[in-house]
Structures are given as structure tokens and as C-alpha cells.
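Working notes, structure below.
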Amino acid sequence: MANYYNDNEHLKFHLNHPLMKRIVELKEDNFKDKNLYDYAPLDFEDAMDNYDKVLEIIGEISGDIMAPNAEEVDHFGPELIHNHVKYARGTQENLDAIIQSKLFGMSLPREYGGLNFPIVPYVMSAEIVSRADAGFANIWGLQDCAETIHEFASEEMKTKYLPRFNEGATAAMDLTEPDAGSDLQAVMLKAHFDEKQGVWLLNGVKRFITNGDADISLVLARTEDGSQDARGLSLFVYDKKKDAMKVRRIENKLGIKGSPTCELVFKDAPAEIIGDRKFGLITYVMSLMNSARLGVGSQSVGIAEAAYHEALKYANERAQFGKPIIKFPAVYEMLSNMRAKTDGIRSMLYETARYVDMYKIYEQIAKKRKLSADERKEMKYYQKYADLFTPVLKLFSSEYCNQIAYDSLQIHGGTGYMKDFSIERIFRDARITNIYEGTSQLQVVAAIRGVGNKSYLKRIKEFEEIEVLPELDYLKKILQKLTSHFAGITAKVYDENDEEYIDFHARRLVEIAGYILIGYLLMHDANLDLKYRKSADIFIRMARAEITRNISYINNFSPRDISDFKM
Ligand SMILES: Cc1cc2nc3c(=O)[nH]c(=O)nc-3n(C[C@H](O)[C@H](O)[C@H](O)COP(=O)(O)OP(=O)(O)OC[C@H]3O[C@@H](n4cnc5c(N)ncnc54)[C@H](O)[C@@H]3O)c2cc1C
């Protein structure tokens with residue numbers, strides 16, 4: 001009997017972060033639902049107890065059902081039958097278990113049948129599910145689409161669609177097309193309003209759509225004839241019951257095989273518009289993508305945790321040259337680095353989730369009453385940091401989960417290359433995380449402004465203000481020194497006043513910011529609980545070495561030198 005929540009002490013640590021009290025009290029708005037719903041919490045402690053219980057159920061389903069199913073799902077995958085998707089047997093069993101336990105629509109308000117959970121425990125559930133089966137985590141995680149309907153659709157649409165999510169309706173996010181991948185402004189699937197029927201009709205093709213045959217799909221489409229950019233795009237809800245969209249194929253891919261990736265053909269498919277015309281990409285998809293990037297963050301942390309567990313177990317059991325391989329410095333070095341990186345990205349994940357919680361809760365309150373000046377200020381503060389942290393989280397967590405899966409396979413030696421051990425699947429599953437929901441390169445494009453306008457530096461300075469235990473002071477000194485190197489190298493690159501040169505070194509600059517931020521987060525975790533001291537120590541020293549390397553690379557390639565690279 002495995003429980004992926006109870007066996008992971010780090011989850012409880014992050015769930016009990018000091019900011020959770022404010023998050024819960026704001027979210028529950030003085031616990032006003034307690035007289036309306038028998039499952040609504042009475043106070044903060046009761047709410048935390050609820051999250052704990054639900055996470056325990058998810059931990060149990062993940063450990064006892066999803067993880068044992070993962071290998072079979074990976075082997076058989078979904079099938080295409082008469083242009084519709086049939087999930088693998090294990091995927092359907094996972095889904096049934098989740099639906100039976102009423103765990104869809106967790107973050108939706110109670111008036112729509114949800115549990116009104118903050119983002120933090122929801123993201124935690126996604127991490128737990130991802131550790132068991134990263135492919136299934138996509139089907140689970142696409143309930144994010146309900147949030148977009150909740151935030152931006154009309155009251156009538158909310159009443160119509162949101163309760164269906166709680167009953168187990170699955171979702172899809174239909175953005176990508178053959179000629180519109182990273183550049184979603186190029187989307188061409190057409191939506192036109194049919195005056196006779198009084199309905200919008202969709203025509204065109206979507207590619208690489210996860211869970212493309214879902215019950216409820218959000219579809220990005222061009223509504224403005226003759227337009228070429230983002231201002232011509234709107235967002236729609238397509239209901240599978242309309243039966244006007246066909247799955248043309250399911251992609252045969254490297255990993256996350258349980259998650260069907262579909263090519264879709266829409267033919268006069270009736271759909272309902274969300275919010276206002278022309279705001280599809282600019283506002284609604286941007287918000288959806290930010291949630292989805294947080295989702296990939298949780299998926300990456302779950303994969304990293306799974307890979308670490310497999311490596312630790314194997315390294316203890318496997319003996320060579322007369323001793324367990326975990327006793328060799330080359331092996332324990334890899335394992336400790338894996339642990340420190342996993343702790344680091346997890347800390348970044350929940351920090352970002354708390355920022356998102358804080359500003360999104362205020363946004364919902366603002367729909368019901370006017371916020372005070374202080375509340376508005378606080379909302380803007382957290383929104384700014386949520387936007388700044390999200391691309392760094394996506395970049396680091398996805399790249400690290402790949403590195404951790406790679407090292408875990410290495411620790412398994414030849415055995416890791418065989419299908420007999422789950423690391424072979426985990427290694428393949430990890431590879432998608434730094435590609436979808438915006439590649440790592442696109443996360444750098446999103447983050448580099450925060451380097452140039454010194455927003456990351458400002459946050460780092462705020463972190464610096466937090467007092468730490470005397471035994472952690474040496475780590476703070478290292479971080480302060482690294483911060484001054486960061487400011488120096490940033491000024492040097494920007495002083496060249498050369499856009500192409502900034503883009504050329506952008507990844508290295510964003511990485512330096514990320515190393516320092518994660519270093520501070522781990523040090524603050526150690527400040528709350530000294531069991532994190534080891535990870536903080538290892539990560540910050542590793543960060544110092546990486547930052548030195550990045551700075552040396554930048555200093556080696558001046559604006560004149562980059563022409564040598566041009567293709
Ligand atoms: C398994 C899977 C599931 C998916 N699920 C979904 C889904 O559910 N819904 C959906 O809408 N889409 C989905 N996608 C699509 C996914 O989001 C895109 O594949 C991804 O955004 C990249 O687009 P692309 O494949 O067209 O690559 P391209 O945009 O062609 O990029 C190719 C390369 O060029 C680089 N590049 C492009 N532009 C820039 C730039 N400005 N600066 C620097 N480098 C750049 C990229 O980083 C990449 O290395 C999925 C894809 C896969 C593989």
C-alpha cells in the first residue's frame with residue numbers, strides 16, 4: 001500500500017507555509033460558506049485538515065492505482081476508433097477512481113459544485129499524480145480549462161459548463177496548428193458567426209492537442225477577417241456533444257504515452273465565445289498558459305521525485321566491487337545533487353503557487369466588492385511576482401527534471417536502459433516538459449525583461465532583507481556576493497545597447513537570476529526547518545559554480561564575437 005502524499009514529508013512542509021493562513025482566510029472570505037455547505041470549512045484549521053484529507057486520498061489513488069497502471073498504459077496507449085479516442089484500460093481506471101472520489105474541479109467555487117481549494121493544494125495534487133504517471137497528469141491537469149471559463153465566461157456559460165467538470169468531464173486546450181506553434185499569433189482556424197443559426201462555427205485544423213477528444217474544449221480561433229496577428233483571435237468553448245469535430249490521428253510519440261496527442265479537424269463545429277472578441281490570445285490564453293505552466297512545473301517536480309526515488313532505491317540495492325554503489329562518491333554526489341535540485345524546484349513551485357493564489361483570490365473578490373487601496377496594492381504586488389516567477393519555474397523545473405531523470409538512468413547502469421525498470425519510461429516522459437506550454441527558449445523570452453528592468457534584482461533584495469539563523473549566515477553571504485555579480489554582468493551586457501547581443505546571452509542571464517532565487521528559497525526553507533540545510537548548502541555552492549561558468553561564457557563572447565555563430 002503506497003501513499004504518495006504521506007510518504008513525502010516535503011509536501012506537508014510546503015502545505016504548512018506561513019502565508020497559507022492569509023491565503024485560506026481570503027479564499028474562504030470569513031468562512032461564509034460554513035452555513036451553506038456541510039463540507040465547507042469552519043475555520044483555518046478545519047480548511048487545512050480538509051486539504052490534508054483530500055491529498056491523502058490522491059496520494060493513495062496515485063500510489064495504489066495510477067503507479068501500478070503506468071507501465072501497461074505506457075505499453076498500450078490510447079486507440080483511435082471511428083475518429084474518437086479510447087483511453088488505455090489503465091487510464092480509464094485512473095480516471096474512474098478520480099471521478100468516484102469527486103476530485104475533479106477541486107479549485108472551483110462551491111456554488112458550481114467544486115471544493116473551493118486554493119491553488120497550492122491543487123498544484124500539490126498535480127505533483128503527486130505526476131510522480132505516479134506523468135501522462136495521466138495531463139488528463140487530470142487540464143481541469144485548468146474550467147478556471148478559464150470561471151474567470152472569463154458569461155454567467156450563463158459558467159452555470160452550463162462548470163458543474164460538468166465536477167462530474168468528471170474531461171478538457172482540452174486547442175491552440176497549436178501546423179503553422180502556429182511557439183508563435184500562436186499565427187493561428188488560422190476560422191470562426192465565423194452564422195446569422196441564420198445565430199451561432200459561431202469553427203472550421204480548420206489543430207495539431208498536437210493533448211486529450212483532443214475531451215468533453216469540453218477551449219479553442220483559439222480567428223474571428224476577424226483579414227487580420228494576421230493576436231488582435232484577430234478569440235477563444236471558444238466547443239462541446240463534444242455537438243459531434244462536429246473529428247480526431248484525424250493520435251500521434252505516436254516518445255513519452256507520456258497515456259496522454260493522447262491528437263490532430264483535430266473542425267467542420268462547421270458550433271461553439272460559444274468566451275468573454276469578448278479579440279481578447280482570445282491577448283488576455284484569456286495568456287492567463288490559461290500561465291496556469292498550464294504552473295501545471296508543467298508540478299509535473300516536472302513529480303517526475304523529478306519519481307526519478308530520485310528510483311535512483312535511491314537502486315543505488316542502495318545494487319552492489320559492485322563488494323559494496324552498495326551508493327557508497328561511491330561518483331554515485332552519492334549525483335544523488336545528493338538530484339535531491340538538492342528537486343527540493344529547489346519544489347520550493348520555487350510552491351512559492352509561485354502562493355503568489356498566484358494571492359492575486360487570483362483578490363481578482364475574484366474584486367468582482368464582488370471594491371478592493372481597498374491596500375488590497376489593490378497587495379494584489380498587484382503578487383501578480384507581478386507570479387508573472388516574474390512563472391517562466392523561471394517552468395525553465396528550471398523542466399530542465400532539472402530532465403537532468404534528474406538522466407542521472408537516475410545513469411545510476412541504474414545498463415538496467416536503466418531496459419524496459420524492466422520504470423526509469424526508462426520516466427526518462428522518456430521527462431523530455432516533453434521543456435517543450436510544451438512554451439519551450440525553454442520561449443520561457444527565456446518571457447523572463448529576460450525582468451532581468452533588464454531589474455525586477456528579479458528587486459525581489460532578490462527583498463529576500464535579502466529576511467533574517468536567517470546564524471548557522472545559515474555563510475550561505476547568505478555567498479548569495480549576496482552572487483547577487484552583486486548578477487548586477488554587474490547584467491549591466492555589462494545591457495551597456496552594449498545591442499538587442500541581438502542581449503538575446504544571445506539571455507538564457508545565461510535568466511539562469512543566473514534563477515539560481516539566486518532558488519538559492520534564497522532553499523535557504524529560507526532551512527530557516528524554517530533545518531532539515532533543508534543540506535540541500536540549501538549543496539544547491540547554493542552548485543549555483544556559485546554555474547554562475548561563474550555563465551559569467552565566464554558571457555565575458556568570452558563580446559558583441560563582435562557573436563557574428564561567428566550566425567547561420
Ligand atoms: C506531446 C505534446 C503535447 C502537446 N499538447 C498541446 C496541447 O494540449 N495544446 C496545444 O495547443 N498545443 C500542444 N502542444 C504543442 C506545443 O505547445 C508546441 O509543440 C510547442 O509550443 C512548440 O511549438 P512547435 O512544436 O511548433 O515548435 P516551434 O515553435 O517550431 O519551435 C521550434 C524550435 O524553435 C525555437 N524557437 C521558436 N521561436 C523562438 C523564439 N522566438 N526565440 C527562440 N527560440 C525560438 C523553439 O524553442 C524550438 O526549439 C503539444 C506538443 C506536444 C509535443
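For clarity, every value in this text was computed on a predicted model and none was experimentally measured. Heavy atoms only: backbone and side chains are in, while hydrogens, waters and symmetry mates are out. One-based numbering, in listed order, for ligands and for the atoms of each. Throughout, residue positions are numbered sequentially from 1 according to the sequence presented.
Checked against Lys419 for a salt bridge (charged side-chain N to carboxylate O under 4.0 Å, His left out), the options Glu424, Glu72, Glu71 give a single hit: Glu424.
The aromatic rings of Tyr385 and Tyr355 are tilted relative to each other, their planes meeting at an angle between 30° and 60°. Relative orientation of the Phe557 and Tyr553 rings is tilted, given thresholds of 30° and 60° on the angle between their planes. Taking the six-membered ring where the residue is Trp, Trp140 and Phe104 present tilted rings, their angle falling between 30° and 60°. Under the 30°/60° scheme for interplanar angles, the aromatic rings of Phe427 and Tyr406 are found to be tilted.
Numbered from 1 in the order shown, with element, the atoms of ligand 1 that lie under 4.0 Å from a heavy atom of Ile435 read 20 (C). Every atom of ligand 1 is numbered from 1 in the order shown, and the set under 4.0 Å from a heavy atom of Thr210 is 3 (C), 4 (C), 5 (N), 6 (C), 7 (C), 8 (O).
Counting only heavy atoms, the protein never gets under 4.0 Å from atom 33 (C) of ligand 1.
Neither the backbone nor the side chain of Val444 has any atom closer than 4.0 Å to an atom of ligand 1 (non-hydrogen atoms only). The backbone of Glu437, and not its side chain, has at least one atom closer than 4.0 Å to an atom of ligand 1 (non-hydrogen atoms only; backbone = N, CA, C, O). Only the side chain of Thr261 comes within contact range of ligand 1, with a heavy atom under 4.0 Å; no backbone atom does. For Asn211, no heavy-atom contact with ligand 1 is shorter than 4.0 Å.
Among the atoms of Arg207, none of the N or O lies under 3.5 angstrom from an N or O of ligand 1. Considering backbone and side-chain atoms together, Ser182 places an N or O closer than 3.5 Å to an N or O of ligand 1. Polar contact with ligand 1: present for Phe208 (N/O pair, distance under 3.5 Å).
The closest non-hydrogen atom to atom 39 (C) of ligand 1, taken over Leu442, Thr176, Val445, Thr439, comes from Leu442.
Checked by atom type, the side-chain pair Tyr122/Asp144 shows a donor-acceptor distance below 3.5 Å.
No salt bridge links Arg207 with Glu177; every basic N to acidic carboxylate O contact stays at or beyond 4.0 Å.
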